[in-house]
Protein chains: 2
Amino acid sequence: MTGIRQLAEHLDISIGTVSRALNGKPDVNEETRRRVLAAAEELGYVANQSGRSLRQGETKVIGLMIESSKETVENADNFFLGVTSGLQSVFARHKLDLVMLPCPSDEDPHEYLKRMVARRIVDAMIISDTQRVDRRIDFLSRAKIPFVALGRSLSAGNFPWIDLDFEGVADHAVERLIARGHRRIAITAPSSEANLGYLFVGSYRRALERHDIAFDPALVIRVKSSEQGGYQAAHELLQLEERPTAVILIYELMAIGLYRRLMESGILPGRDLAVIGFRDAPRARFLQPSLSCFRISLYDLGVDLGRMLLANMPAYRDFYPDSGRDIIWPLELVPGESDAFDVGAIV
Amino acid sequence: MTGIRQLAEHLDISIGTVSRALNGKPDVNEETRRRVLAAAEELGYVANQSGRSLRQGETKVIGLMIESSKETVENADNFFLGVTSGLQSVFARHKLDLVMLPCPSDEDPHEYLKRMVARRIVDAMIISDTQRVDRRIDFLSRAKIPFVALGRSLSAGNFPWIDLDFEGVADHAVERLIARGHRRIAITAPSSEANLGYLFVGSYRRALERHDIAFDPALVIRVKSSEQGGYQAAHELLQLEERPTAVILIYELMAIGLYRRLMESGILPGRDLAVIGFRDAPRARFLQPSLSCFRISLYDLGVDLGRMLLANMPAYRDFYPDSGRDIIWPLELVPGESDAFDVGAIV
DNA sequence: CCTACATTCGTAAACGTTTACGGAGTGCGT
DNA sequence: ACGCACTCCGTAAACGTTTACGAATGTAGG
């Protein structure tokens with residue numbers, strides 16, 4: 001493979017000049033720069049990243065850590081692929097590359113992260129699936145590795161993150177349903193006492209009480225946020241003595257299972273039960289009746305995530321002076337047929 | 001951050017000895033090795049990968065290139081995540097790490113690959129989504145970069161690959177359906193003249209003719225291999241003057257859309273039309289009636305892919321002496337309800 | 001006591017790049 | 001003729017690690 005040395009010999013100039021020419025340094029004759037660039041193209045020279053990293057102490061690579069948990073694989077919503085395109089559009093401007101780091105399911109995410117960072121494979125990290133207390137966040141903070149998190153956490157006082165607006169969605173959904181005459185509204189939440197479930201249900205409760213509707217714990221269906229979870233949620237809904245007229249799903253994908261279970265009992269979403277979904281899962285886009293759903297532009301989310309990260313890296317800070325922090329990502333309601341009916345009209 | 005120099009000073013021995021101790025070289029006293037390892041653990045020392053890579057000319061990182069095409073995102077089957085776990089189980093034994101390299105959709109995959117390789121971010125590559133003529137394969141072959149491909153190609157005479165047994169599946173499916181009395185069997189194929197479609201349909205045709213059933217081009221439904229494609233396939237099936245009694249899907253995911261379209265017309269899969277799927281798509285696992293389908297263990301596929309790659313790398317070749325090449329991956333039929341009826345019994 | 005050998009360790013070069021520093025050449029004003 | 005500023009380029013050190021080589025020590029055999 002051709003290194004900078006071969007390139008310099010071929011051009012009969014010193015490697016220092018070649019390097020400066022390639023890196024756009026000012027103290028090099030424009031004519032020589034032209035020759036160097038031409039020769040580099042001709043010989044197919046690309047700088048060896050190891051040498052460069054060693055010298056300047058940075059790799060120009062950003063890592064996106066993902067966990068290949070069973071749940072991720074089963075849900076299969078390609079959430080991350082959607083985000084990467086937005087991330088890359090930002091990184092490309094600075095010649096940064098993005099790699100996805102899949103943490104093996106049998107390895108502790110914290111250890112995996114430490115290894116990747118210590119080996120200096122990446123300069124900065126994007127982490128996701130944040131836990132309520134997340135050792136990764138403490139580690140990255142202390143080690144002063146630039147990072148952003150996709151998801152809130154209670155760990156480490158102050159770090160940049162973006163999270164979805166669970167509270168806004170629940171509030172909006174309840175308001176919308178109430179406006180259509182619904183009084184008995186169910187909601188799904190993760191079985192664990194996760195942060196996001198707390199926010200989601202809390203906001204739902206406040207919205208109900210604002211309209212003098214008593215909060216009924218029986219209407220909070222705790223199931224897994226997956227297609228099967230949706231199936232089970234429908235099953236539990238049908239068991240209730242006083243059946244709700246509407247249900248809010250914390251994860252769009254659940255609608256697939258929910259629809260199926262409902263249809264099995266001859267209940268048609270959008271006619272017999274209003275359904276509103278949340279989050280973005282491409283596979284749920286083609287349901288019938290179409291799902292009313294709060295959607296995200298994963299691309300835009302990736303862009304903001306990338307900007308926020310760079311704003312936290314000294315070398316790029318100046319490019320993103322007014323980049324926000326701790327963004328609560330708003331979602332847009334895409335109306336469908338699944339909540340199209342007014343209860344008032346029926347009663 | 002602590003480097004090998006700090007570690008050596010702390011122990012009051014030379015950095016050469018520290019390095020040898022850490023790397024398990026024989027010419028170091030066991031007592032000193034113990035001390036070094038203890039100190040490394042205590043100080044949290046991890047070798048800087050840039051320095052190491054530079055010296056030994058290898059990065060100990062394997063790249064899995066994925067394309068975030070629109071189709072991938074929409075299909076959302078997490079095929080790659082499933083494969084990575086198998087890959088990592090092999091790589092972990094040799095302290096190799098796996099990174100996923102998502103090629104931006106606006107960049108030429110060939111250029112992207114060249115960049116990643118030239119920058120020496122990875123030692124070896126796993127590529128997928130191979131095209132009939134694929135410049136990446138020619139490039140990697142010429143540059144002598146170890147690689148394996150997930151998918152066949154007509155490029156570059158001789159390279160290691162694994163591909164799914166399209167021919168075996170089509171053959172098996174046809175035989176199975178004929179044994180149950182079906183004579184009019186439809187099949188789906190990609191709209192493009194892709195390699196795999198050619199193999200799939202070709203084998204289907206030969207199996208039919210083996211049983212003296214004339215090949216009817218009208219029964220080859222050319223649609224996209226996606227959920228929507230399945231919907232459209234069903235639609236086209238219903239238009240046919242003489243409706244088939246069975247259909248073979250080239251991609252399991254299509255079953256979701258197909259089912260929906262069929263149900264809309266009151267046709268029940270497994271009772272009115274036999275359906276057999278192919279490939280592994282977790283989201284299709286929960287269909288009702290359950291889908292008869294040729295499934296893969298993505299984990300096992302990953303394991304073999306990893307082994308095949310290492311067998312092509314000088315440093316690891318000896319560990320995998322009898323690793324096969326050019327594997328046509330066999331699939332196992334997981335019977336379901338969707339093809340459970342005998343046409344003979346009805347007629 | 002000398003030689004031969006094994007064990008253990010230190011020394012220094014090398015990997016490919018970037019960059020601080022200084023030198024050579026030129027032009028210009030005094 | 002001299003000094004100065006400016007442009008352009010070469011030199012060499014540095015990044016953190018591995019490893020070939022040889023030095024030092026100990027041990028055993030003659």
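Throughout, protein chains are lettered first and strands after them, A, B, ... in sequence-line order, and every chain is numbered starting at 1.
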Could you tell me how far apart [X] ([atom1]) and [N] ([atom2]) are, to the nearest whole angstrom?
{"X": "B:L54", "N": "C:dG16", "atom1": "CG", "atom2": "C1'", "value": "5 Å"}
{"X": "B:E58", "N": "D:dT18", "atom1": "CD", "atom2": "C1'", "value": "11 Å"}
{"X": "B:N48", "N": "C:dG16", "atom1": "CG", "atom2": "P", "value": "17 Å"}
{"X": "A:K60", "N": "D:dC15", "atom1": "NZ", "atom2": "P", "value": "19 Å"}
{"X": "B:D12", "N": "C:dC9", "atom1": "CG", "atom2": "P", "value": "13 Å"}
{"X": "A:Q49", "N": "D:dG16", "atom1": "CD", "atom2": "C1'", "value": "15 Å"}
{"X": "B:R20", "N": "D:dA20", "atom1": "CZ", "atom2": "C1'", "value": "10 Å"}
{"X": "B:R55", "N": "D:dC15", "atom1": "CZ", "atom2": "P", "value": "18 Å"}

In Å, rounded to the nearest 0.5 Å, how long is the span from [atom1] of [X] to [atom2] of [Y]?
{"X": "B:I127", "Y": "B:D134", "atom1": "CD1", "atom2": "CG", "result": "5.0 Å"}
{"X": "A:K114", "Y": "A:Y112", "atom1": "NZ", "atom2": "OH", "result": "15.5 Å"}
{"X": "B:L305", "Y": "B:L310", "atom1": "CG", "atom2": "CG", "result": "10.0 Å"}

* Structure fact -> Ranking C:dG10, C:dT18, D:dT17 by distance to the side chain of B:S14, first place goes to C:dG10
* To the side chain of A:N29, which of C:dG16, D:dT17, D:dC9 is closest? -> D:dC9
Applying a 4.0 Å non-hydrogen cut-off, can you work out what [X] is touching in the nucleic acid: base, sugar-phosphate, or nothing?
{"X": "A:I15", "answer": "base"}
{"X": "A:G57", "answer": "nothing"}
{"X": "B:T32", "answer": "sugar-phosphate"}
{"X": "A:S50", "answer": "nothing"}

* **A:H94 and A:Y320 aromatic ring geometry - parallel, tilted or perpendicular at 30°/60° bounds** => perpendicular
So does [X] get a side-chain nitrogen or oxygen closer than 4.0 Å to the phosphate oxygens (OP1/OP2) of [N]?
{"X": "B:S19", "N": "D:dT17", "result": "no"}
{"X": "A:R52", "N": "C:dG16", "result": "no"}
{"X": "B:K25", "N": "D:dT18", "result": "no"}

* Stepwise salt bridge (Lys or Arg N to Asp or Glu O under 4.0 Å) test for B:K25 and B:D27 -> CA-CA 6 Å; B:K25 298 293 157 118; B:D27 55 347; over 6 Å; no
* **Whichever of A:E30 and B:G3 has its nearest DNA chain D nucleotide further upstream toward 5'** => A:E30
* For DNA chain C, whose closest nucleotide is more 5', that of A:L22 or that of A:D27? -> A:L22
